[in-house]
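Here's the structure we're looking at; comments come further down.
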2 protein chains.
Amino acid sequence: MQFDAKVPIYYQIKQYIYHEIISGHFKAGQKIPPLRQLAVTLTVNVNTIQRALSELITAKVLVSQRGKGNFVTTDDVILGHLKQQVLTAEFSELYDHLAAMNIAPAEMVTAFQSYLDQRKEA
Amino acid sequence: MQFDAKVPIYYQIKQYIYHEIISGHFKAGQKIPPLRQLAVTLTVNVNTIQRALSELITAKVLVSQRGKGNFVTTDDVILGHLKQQVLTAEFSELYDHLAAMNIAPAEMVTAFQSYLDQRKEA
DNA sequence: AGTAGTGTATTAGATCTCTATTACACTATA
DNA sequence: TATAGTGTAATAGAGATCTAATACACTACT
């Protein structure tokens, strides 16, 4: 996995877990890979994985069971809002950046659409 | 100015300058505020400002004149591509994050549109 | 009981970012 | 020529992140 050098790795791993849950790769109640395996897969130190996971445990997205593993929560309330929360965070950041360039909301959409169209061609 | 604690300040200042140029606040050939004034305005150390500006000078977006100040380039080729470059970088990052959640391009647009609609109401 | 697999915790050191401080170089102008 | 305004450079120290290494606690299974 390739990380953005400008953002803490532990934070990017946190997002990675979010993405795996939202995409359905990690399902409700399912055990996620062990710490040491994640560390190898993502070529990162165990402590860095642990830092990311501990934040997700605090957020009650993951449930930790000593000796057993880490599991995706079965709380439907939390899982139900997850995708919308992550999406809103993404769009909010984008909006702020584009608004700082004096770009109107309507232009934001058309410009994004243009980007996607161009991407599709290639 | 409020900074995102997860991204280096010097990098965010670099983006800030880009935004000021693209929005038209800083025009071609125009002198930008002195280092020490930017440091006060953005409540950041002079060295941090300097680091951001030095990258922009290397990118030939700014031209430095010792004793006089820093000026926006008059190079139309560079200025002409600036907005598209920054936009593409923003969209590319968004695309990667959303694609990691198994979100299709068409849904990206509608979800973004929904975000903007919701934002308009408030 | 023993062993492997798991999560948790602590320490030390490297690197990066940011601040604070000081000094220097050049320009413009009184 | 003096002075204020500017960019440039270098050093030292604080804090955050990441790595490496080690140890400990709990679970499952033989």
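The figures here come from the full heavy-atom set of this structure, side chains too, leaving out hydrogens, waters and symmetry mates. Every chain is numbered from 1 and lettered A, B, ... according to where its sequence line falls, protein lines coming before strand lines.
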Is there a side-chain contact between [X] and the phosphate of [N], meaning an N or O under 4.0 Å from OP1 or OP2?
| X | N | result |
| --- | --- | --- |
| A:Tyr10 | D:dT17 | yes |
| A:Ser54 | C:dT8 | no |
| A:Ser64 | C:dT8 | yes |

Side-chain donor/acceptor contact of A:Arg36 with base of C:dG5 under 3.5 Å: no
Between the base of D:dA21 and the side chain of A:Asn45, is there any donor-acceptor pair under 3.5 Å? no
Keeping A:Ser23 on the side-chain end and A:Glu20 on the backbone end, is there a donor-acceptor pair under 3.5 Å? yes
Side-chain donor or acceptor of B:Gln12 paired with backbone N/O of B:Val7 under 3.5 Å: yes
Just to verify, what does A:Phe91 make a ring pair (Phe, Tyr, Trp, His ring centres under 6.0 Å) with, not counting sequence neighbours? B:Phe112, B:Tyr115
Pairwise 5' ranking along DNA chain D for B:Gly69 and A:Arg51, keeping only the more 5' one: B:Gly69
Just the rounded figure in Å: distance from [atom2] of [N] to [atom1] of [X].
| X | N | atom1 | atom2 | answer |
| --- | --- | --- | --- | --- |
| B:Gln50 | D:dT11 | CD | C1' | 16 Å |
| A:Asn47 | D:dC24 | CG | P | 17 Å |
| A:Ile32 | C:dG5 | CD1 | P | 18 Å |
| A:Lys68 | D:dT27 | NZ | P | 7 Å |
| A:Lys6 | D:dA16 | NZ | C1' | 18 Å |
| B:Arg66 | C:dA25 | CZ | P | 8 Å |
| A:Leu56 | C:dG7 | CG | P | 14 Å |
| A:Ile57 | C:dT6 | CD1 | P | 15 Å |

When all nucleic acid strands are considered with a 4.0 Å heavy-atom cut-off, which category describes A:Val46: base, sugar-phosphate, or nothing? nothing
NA contact type, A:Asn70, heavy-atom cut-off 4.0 Å: base, sugar-phosphate, or nothing? sugar-phosphate
Within 6.0 Å of CD in B:Gln65, more than 12 heavy atoms from elsewhere: yes
Looking only at side-chain atoms of B:Leu35, point me to the closest of C:dT19, D:dG7, C:dT10. D:dG7
Hey, does A:Tyr10 have a side-chain heavy atom less than 4.5 Å from the side chain of A:Asn47? no
